[in-house]
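Keep in mind it's a predicted model, so treat the numbers as computed, not measured. Per chain, numbering begins at 1; letters A, B, ... match sequence-line order.
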Amino acid sequence: MNRIVLVRRGEDAEVHEPAGTVRVPAADLPAFVAEREAGPDPVRWVWDDTTRWYPALLASGVRIARCTDLRLCHAILRRSPSVDQGLLAAADTAGWDALQPVTAVDPGLFPLEDPADRLDPPAEHERQQAALAESAERGRLALLLAAESSGALVAAEMTHTGLPWRADVHDRLLAELLGPRPPAGQRPAVLERLAGELRTALGAPGLNPDSPADLLRALRGAGLPVPDTRSWTLEQIDHPAMPPLLEYRKLSRLLTANGWAWLDAWVREGRFRSWFVPGGVVTGRWASNGGGALSMPVQVRPAAIADEGWRFVVADVAQLEPRVLAGMSRDTAMAAAARGTDLYQGIVAAGVVATRAEAKVGMLGALYGATRGESGRMMPRLTQRYPHAIGLVEEAARAGERGEVVRTLLGRGSPVPGAAWSDGPADLGEAPDDEDGGSRQDRDRQRRSWGRFTRNFVVQGTAAEWALCWLADLRNRLWELGEGELHERPHLVFFLHDEVVVHTPGHLASEVGEAVRQAAASAGRLLFGEFPVDFPLDVDVVRSWADAG
DNA sequence: TCATAGGGCGCC
DNA sequence: AAAGGGCGCCCTATGA
């Protein structure tokens, strides 16, 4: 593998190769990269941050096979309990710690002033390689760093190609539900009518239904002693104001989150473009920036329509996190329950609980740390039948309560906890009841809360690693299926934790479906070897995203 | 006018 | 006795 480090120097790129260092003008860089990519030696491009390099290459029609994203790898190594932090220490370290990804830059230009310019990528790369080589977990960590970097490429490519989006279909959908688009600053007709009905029903002519405080006063004035104004609370109430209020809530949410303003801001030339942010969540999950890409309501998915002659291949993993938990804890009983397509049904079939609903709520409680209610009642039975799986999350919770760092399967470390531990462990010493530190009860509550976080961290984070491996392998397979530029081949257009959407020429759809399944099997082997835990997929070939599932 | 906090709700 | 993870983003209200 030929590693080539790219460094920005004003308007040039400095190219560090084993054979020597050369300068390439920014304008010539795409051609240079394309030539090396096409050459006989596989290349791993090493750069400070994918969001600072790759969009411009993609805009020039250049796709690369692999990279090392020093910013993302730095973040992982800095938190990893199995890395000697001394090997990463340098004058640059704080700068790497603080480096943020960029969005919305003009891909044709380097930004004028960038904190990344004060960093030394070749030196950082050497430190990271040394830290990796000395780690007792170097195999798993190396896999994680490669997968994280590959995810950075996927994220940039998804922004580049965009998710096909039909503004005309979206507009029609809005008009059917809300009435025609109103002038700026006015409510759509349907919302205005519902607001009127609500004011009449509550006897509150001046009510602004968008103000929770105003609404709470009006509800109480009408003799309805509600604790808050959440829809779930309001649904419990039998009162003529509730139907219009709940309908108002639902439609108002659609208008503000994914209405005409959203269309204006985020949809251009038939594509929805926002930014995915790999590593944006401490657990390793992705975040997103712009347009709420990670919470696209089912309600507007009918507007996501594949191009003429193309299809979407939509795939998701059923019950990813319990399956990951079975694999990472080597719990053969839970893996057996996961053998079929429905893990919850498998738990019922094993005689652990009576119904699928109980199995689901019990498992979710184990992952999130619920101990009371229906979920808590399932825990003893789950613990008895699945001691390794439940034991793993319980131990993660206890470690978090003690203030310790926990890690995912591939070695991503949890953050160190904050102020609640400054006075020592929960079960030791005095707990001074001063104003600054809060009461003993407050700190115990915080510790349990942190335990729920670390409990979930190990599973959510390892699931994110499975998904990264799935994504990286799928990206490679998709590239091999087509010809031409990225947007002419089957390509990823959406990813959300355990779900992918691929945009593909129709005649390749079944091959894409097979690639998605093979990539999932490959991810399972990468993380869990020959341990027998399945990751069955639901795969649909559809014209509209809304038709999947 | 701007930044921030909290309510609320969409996704997993 | 109490005990439900992770996000982004809209709105209003508040205070500088």
Side-chain angles (χ1 to χ4, degrees), chain A residues 103 187 191 207-217 226-235 245-246 248-259 261-262 265-266 274-277 279-301 316-322 324-325 361-379 393 396-397 400-401 406 414-415 426 440-442 444-464 467 494-500 545 549:
Chain A
T103 56
R187 281 199 181 91
L191 282 182
L207 171 67
N208 173 13
D210 295 324
S211 165
D214 204 7
L215 185 57
L216 201 57
R217 275 191 296 274
V226 289
D228 54 59
T229 69
R230 291 176 202 150
S231 292
W232 190 88
T233 305
L234 301 174
E235 277 167 19
L245 176 51
L246 291 167
Y248 182 94
R249 270 283 168 77
K250 197 174 156 201
L251 292 175
S252 172
R253 166 79 192 181
L254 171 65
L255 174 70
T256 58
N258 297 100
W262 181 90
W266 299 110
S274 65
W275 290 272
F276 292 87
V277 185
V281 182
V282 287
T283 59
R285 273 188 174 182
W286 289 16
S288 73
N289 189 289
L294 265 45
S295 55
M296 292 303 304
V298 171
Q299 205 175 14
V300 297
R301 293 187 189 184
D316 72 320
V317 198
Q319 305 115 18
L320 174 60
E321 292 188 354
V324 162
L325 175 57
V361 77
M363 271 311 307
L364 292 177
L367 297 176
Y368 295 157
T371 52
R372 58 169 211 177
E374 177 160 10
S375 192
R377 283 200 297 281
M378 300 298 139
M379 288 305 294
V393 289
E401 289 170 3
V406 298
S414 64
R440 168 72 176 260
Q441 284 85 346
D442 282 345
D444 285 351
R445 202 163 21 244
Q446 286 177 45
R447 287 190 173 95
R448 284 192 298 273
S449 172
W450 194 258
R452 288 191 295 277
F453 166 66
T454 53
R455 167 196 295 270
N456 188 250
F457 180 95
V458 296
V459 180
Q460 186 185 117
T462 306
F494 190 79
F495 165 63
L496 179 56
H497 311 323
D498 60 0
E499 174 181 13
V500 294
W545 193 8

Please tabulate, for the side chains in residues 249-257 of chain A, all donor-acceptor contacts under 3.5 angstrom to protein atoms that are two or more places apart in sequence or on a different chain.
from, atom 1, to, atom 2, distance (Å)
A:Arg249, NH1, A:Thr229, O, 2.6
A:Arg249, NH2, A:Thr229, O, 3.1
A:Arg249, NH2, A:Thr229, OG1, 3.1
A:Thr256, OG1, A:Ser252, O, 3.1
A:Thr256, OG1, A:Arg253, O, 3.4

If you look only at distance, which donor and acceptor atoms sit under 3.5 Å apart when one is on a side chain in residues 362-369 of chain A and the other is two or more places apart or in another chain?
none

Short heteroatom pairs, N/O only, protein and nucleotides 8-11 of chain C, under 3.5 Å:
from, atom 1, to, atom 2, distance (Å)
C:dC9, OP1, A:Gly290, N, 2.6

Polar atom pairs between nucleotides 14-16 of chain C and protein, under 3.5 Å, N or O only, would you list them?
none

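Counting non-hydrogen atoms under 4.0 angstrom, A:Ser252 reaches nothing in the nucleic acid. Using a 4.0 Å heavy-atom criterion, one finds that A:Val298 contacts the sugar-phosphate atoms exclusively. Residue contacts shown for A:Asp228 are limited to sugar-phosphate atoms, with no base heavy atom under 4.0 Å away. Residue A:Leu367 is classed as having no contact, given no heavy-atom separation below 4.0 Å to the nucleic acid. Residue A:Ser375 is classed as having no contact, given no heavy-atom separation below 4.0 Å to the nucleic acid. Among the heavy atoms of the strands lying under 4.0 Å from A:Arg452 are primed sugar atoms or P, OP1, OP2 only; no base atom is included. Nucleic acid contact class of A:Arg445 (heavy atoms, under 4.0 Å, all strands): none.
Side chain of A:Ser375 to main chain of A:Ala370: no donor-acceptor pair is present (N/O by atom type, distance under 3.5 Å, no hydrogens or angles). Remark: side-chain polar atoms of A:Thr462 are paired, donor with acceptor, to backbone N or O of A:Val458 under 3.5 angstrom.
Judged by ring centres under 5.5 Å apart and planes tilted less than 30 degrees, A:Tyr368 fails to stack against the six-membered base ring of C:dG4.
In this structure, the CH2 atom of A:Trp450 is 17 Å from the P atom of C:dG4, given to the nearest Å. The CZ atom of A:Arg217 sits 11 Å away from the C1' atom of C:dT12 (whole-angstrom rounding). Rounded to an integer number of Å, the gap from A:Arg230 CZ to B:dG6 C1' is 11 Å. Following rounding to the nearest Å, A:His497 (NE2) and B:dG10 (P) show an atom-to-atom distance of 16 Å. When rounded to the nearest whole Å, the span between CG of A:Leu216 and C1' of C:dT12 equals 14 Å. Rounding to whole angstrom units, OH of residue A:Tyr248 and P of B:dG7 are separated by 20 Å. Remark: C1' of B:dC9 and NZ of A:Lys250 are 13 Å apart, rounded to the nearest angstrom.
Between A:Arg455 and the phosphate of C:dG5, there is no side-chain N or O to OP1/OP2 separation shorter than 4.0 Å. The side chain of A:Ser231 contributes no N or O atom lying less than 4.0 Å from OP1 or OP2 of B:dG8.
Residues passing the side-chain hydrogen bond (donor to acceptor under 3.5 Å, both in side chains) test with A:Arg455, sequence neighbours excluded: A:Glu394. Residues satisfying the ring-ring contact (aromatic ring centres under 6.0 Å, His included) test with A:Phe453, not counting sequence neighbours, are A:Trp450, A:Phe457. Here A:Gln319 pairs with A:Arg323, A:Asp342 under the side-chain hydrogen bond (donor to acceptor under 3.5 Å, both in side chains) rule; sequence neighbours left out. Partners of A:Arg217 by side-chain hydrogen bond (donor to acceptor under 3.5 Å, both in side chains), not counting sequence neighbours: none found. A search for side-chain hydrogen bond (donor to acceptor under 3.5 Å, both in side chains) contacts involving A:Asn456 returns A:Gln460, not counting sequence neighbours. Under the salt bridge (charged side-chain N to carboxylate O under 4.0 Å, His left out) criterion, A:Arg230 pairs with A:Asp228, not counting sequence neighbours.
When base pairs are accepted only as Watson-Crick or G-U wobble with both N-N or N-O distances under 3.5 Å, DNA chain C takes part in stems of 3 or more pairs at B:1-12 with C:5-16.
Residue pairs meeting the salt bridge (Lys or Arg N to Asp or Glu O under 4.0 Å) criterion with at least one member in residues 280-298 of chain A, sequence neighbours excluded, are A:Arg285-A:Glu321.
In terms of position along DNA chain C, the nucleotide closest to A:Ala370 lies nearer the 5' end than the nucleotide closest to the other residue of the pair A:Val282 and A:Ala370.
Taking each heavy atom of A:Gly451 and A:Thr454 in turn, the nearest pair found is O-OG1, 3.1 Å.
Distances were taken from every side-chain heavy atom of A:Arg285 (C-beta onward) to each of C:dG5, B:dC9, C:dA13; the shortest belongs to C:dG5. Looking at the side chain of A:Asp498, the nearest of the listed nucleotides B:dG10, B:dC12, C:dA3 is B:dC12. Comparing C:dA2, B:dG7, C:dG6 by their closest approach to the side chain of A:Arg448 singles out C:dA2.
Rounded to whole Å, the P atom of C:dG4 lies 23 Å from the corresponding atom of B:dC12.
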Please report the C-alpha distance between A:Asp210 and A:Leu215 in whole Å, then the side-chain angles of each, then the deciding distance to 0.1 Å, and finally whether the side-chain contact (heavy atoms from CB on, under 4.5 Å) criterion is met.
-> CA-CA 8 Å; A:Asp210 295 324; A:Leu215 185 57; over 6 Å; no
